[in-house]
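Written out below as structure tokens is the structure these notes cover.
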Amino acid sequence: MKMPSKVDVLIIGAGPAGSTAAALLHQEGFQTLVVEKQTFPRFVIGESLLPHSMDLLQEAGLLDAVKKQNFMRKFGAVFLRGREQCDFDFADQFTAGWDHTYQVPRADFDKTLADEAAARGAPILYEHGVAAVEFDSDRARITIEHSGQTSEVCARFVLDCSGYGRVLPRLLGLERPSRFPAREALFAHISGDERPAGRQEGKIWVCLHSGGAWIWVIPFSNGNTSVGVVAEPEFFQRYPGAPEEQLRTVLMSEPNAAARLARMQYVFAPKRITGFACSVTQFYGPHFALVGNATEFLDPVFSSGVTLALASANRAARVLTRQLRGEPADWEAEYAQYMQQGIEAFRAYVAAWYEGHLPRIFFAAQRNPAVMKQICSVLAGYVWDQANPYVTQAARALPLLAQVAGR
Ligand code: FAD
């Protein structure tokens, strides 16, 4: 593909945010160019989707392509602590929405979205990295690197969907530390997972480890399973040895994971990410917006990352469509504040998880079914439902509910 010298929108990164934004903007008739520094398929972590992502994939015209991949259907989430369980099923939730979503190896999922966006006519340049961006009064000039050469493209607008690359936050000095402490994740794909049957098979397991960590178990339809441990770095220091041994020992020291994963074999050696929580001082500026993980990433515990990436791509593409057509576009109200609403709802849940409020609620001897349905809708990603008090009042309501719940 020949690189154009001028486009309407240059999109940095072909992850879920970039492909979704490209598909939506192309649908509206704009000339887009996605610049992706890697080749696809490529590994990235973040494999458990939320039901609300189905609405967003559908709006971008990408859901049918995803459905054809026969990914593992995910009907809910099971939280486990020793012998205690709290089983959420997305069929039993407050907000009207999808009762399932998928567990996706991201190499396959991201390639599916990118290929579908490209097949619809939104071009993607692989192995091209954005190295610099300069903004004039009416446009952006983007320097792109490829095989040691650089070239320049002009765009009316730049969407930074570079995820962990955080291209514009770094270049423009927009980085802000997260309010959460630096946590670490150690994870791998394994075979030999002995799964529950039927509707339970595809649910994510989140196991609370008595030493102050939690474990994810995410089963894929190819027979492999993603397993990971998240904790503060001190936790891992108690488990010396190579990452293979460290991860196995932690998994085998939690009874639910141990029973299920006793025959596990690594598909690849464990990987580690430390200090993944990040934030920014602003979500947009003249001729640019930050989308997906290039904005704020909270924590993996409620699998919110891809859904927030898709929601922000959807929202940014809609505001940008109006701006490029010369219609009124209020980035503050329609984009930044809207996204903050969803992020704040998840932030309250992440905080309540680590402060122990949510474990007390989840493992209470008696749970209020109406409240659990409202919480289930948050776990399904419906964090903009203003009728749900466990969306709008979460930061206040969760600690109070935990007090009533007891232990
Ligand atoms: P990405 O998926 O990171 O895509 C960005 C793309 O930009 C990449 O392909 C990259 O190569 C490209 N790029 C970067 N720099 C440049 C450059 N200079 N030029 C060109 N291209 C560039 N989320 C969930 O929804 N469910 C989960 O279960 C989950 N688990 C997680 C577990 C852990 C331990 C962590 C850390 C995160 C998890 N997440 C999860 C979050 C998830 O990984 C991200 O939210 C998601 O990948 C964000 O998508 P994105 O499109 O914004 O960015």
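Counting starts at 1 for both ligands and their atoms, following the listed order.
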Side chains of S253 and H209 only: does a donor on one sit below 3.5 Å from an acceptor on the other?
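H209 and S253 do have a side-chain donor-acceptor pair below 3.5 Å.
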Point to revise | Residues S221 and N70: side-chain donor-acceptor under 3.5 angstrom | key: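 No, N70 and S221 have no side-chain donor paired with an acceptor closer than 3.5 Å.
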Per-atom contacts, ligand 1 versus [X] - under 4.0 Å to a heavy atom:
{"X": "P300", "value": "30 (N), 31 (C), 32 (C), 33 (C), 34 (C)"}
{"X": "G292", "value": "52 (O)"}
{"X": "H128", "value": "20 (C)"}
{"X": "G163", "value": "3 (O), 5 (C), 53 (O)"}
{"X": "G13", "value": "6 (C), 7 (O), 12 (C), 21 (N)"}
{"X": "A17", "value": "51 (O), 52 (O)"}
{"X": "C161", "value": "5 (C), 6 (C), 7 (O)"}
{"X": "V167", "value": "15 (N), 16 (C), 17 (C), 18 (N)"}

Report task. Can you label the angle between the W331 ring and the Y284 ring as parallel, tilted or perpendicular, going by 30° and 60°? Result ->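 The rings of W331 and Y284 lie parallel, inter-plane angle below 30°.
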Can you tell me which residue and heavy atom of the protein come closest to [atom], and the distance to 0.1 Å?
{"atom": "atom 46 (C) of ligand 1", "answer": "R106 NH1, 3.7 Å"}
{"atom": "atom 45 (O) of ligand 1", "answer": "N293 OD1, 2.6 Å"}
{"atom": "atom 8 (C) of ligand 1", "answer": "E36 OE1, 3.5 Å"}
{"atom": "atom 14 (C) of ligand 1", "answer": "S162 O, 3.3 Å"}
{"atom": "atom 21 (N) of ligand 1", "answer": "K37 N, 3.2 Å"}
{"atom": "atom 34 (C) of ligand 1", "answer": "A185 CB, 3.5 Å"}
{"atom": "atom 19 (N) of ligand 1", "answer": "V130 N, 2.9 Å"}
{"atom": "atom 26 (N) of ligand 1", "answer": "S48 O, 2.8 Å"}

Counting heavy atoms only, which of [options] comes nearest to [atom]?
{"atom": "atom 25 (O) of ligand 1", "options": "V306, I218, V44, T20", "answer": "V306"}
{"atom": "atom 23 (N) of ligand 1", "options": "G305, S312, P16, A21", "answer": "G305"}
{"atom": "atom 38 (C) of ligand 1", "options": "F297, F302, Y126", "answer": "F297"}
{"atom": "atom 37 (C) of ligand 1", "options": "Y164, W216, F276, F187", "answer": "Y164"}
{"atom": "atom 40 (C) of ligand 1", "options": "G129, G46, G15", "answer": "G46"}

Side chain to side chain, M372 and F362, heavy atoms closer than 4.5 Å: yes
Compare all side-chain heavy atoms of R183 with those of Y354 and state whether any distance is below 4.5 angstrom.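 Answer yes - side chains close enough.
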Using a 3.5 Å distance criterion without hydrogens, assess whether the side chain of [X] forms a donor-acceptor pair with backbone atoms of [Y].
{"X": "T150", "Y": "T143", "value": "no"}
{"X": "T20", "Y": "P16", "value": "yes"}
{"X": "S162", "Y": "V167", "value": "yes"}

N/O of [X] under 3.5 Å from N/O of ligand 1, yes or no?
{"X": "G165", "result": "no"}
{"X": "S304", "result": "no"}
{"X": "L49", "result": "no"}

State plainly whether the residues [X] and [Y] are in salt-bridge range, i.e. N to O under 4.0 Å.
{"X": "R347", "Y": "E296", "value": "yes"}
{"X": "R42", "Y": "E36", "value": "no"}
{"X": "D89", "Y": "K203", "value": "yes"}
{"X": "E127", "Y": "K37", "value": "no"}
{"X": "E59", "Y": "R318", "value": "yes"}

| task | Locate the shortest heavy-atom distance separating A140 from V133; write the atom from each residue and the value. | result |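 Nearest pair, atom of A140 first, then V133: CB-CG1, 4.3 Å.
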Practice item. Just do the side chain to side chain donor-acceptor pair (under 3.5 Å) check on D108 and Q69 with the steps written out, would you? Key: CA-CA 8 Å; D108 302 336; Q69 298 301 309; over 6 Å; no
ask   = Heavy-atom contacts under 4.0 Å between E47 and ligand 1: side chain, backbone, both, or neither?
value =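 The part of E47 near ligand 1 is the backbone, not the side chain.
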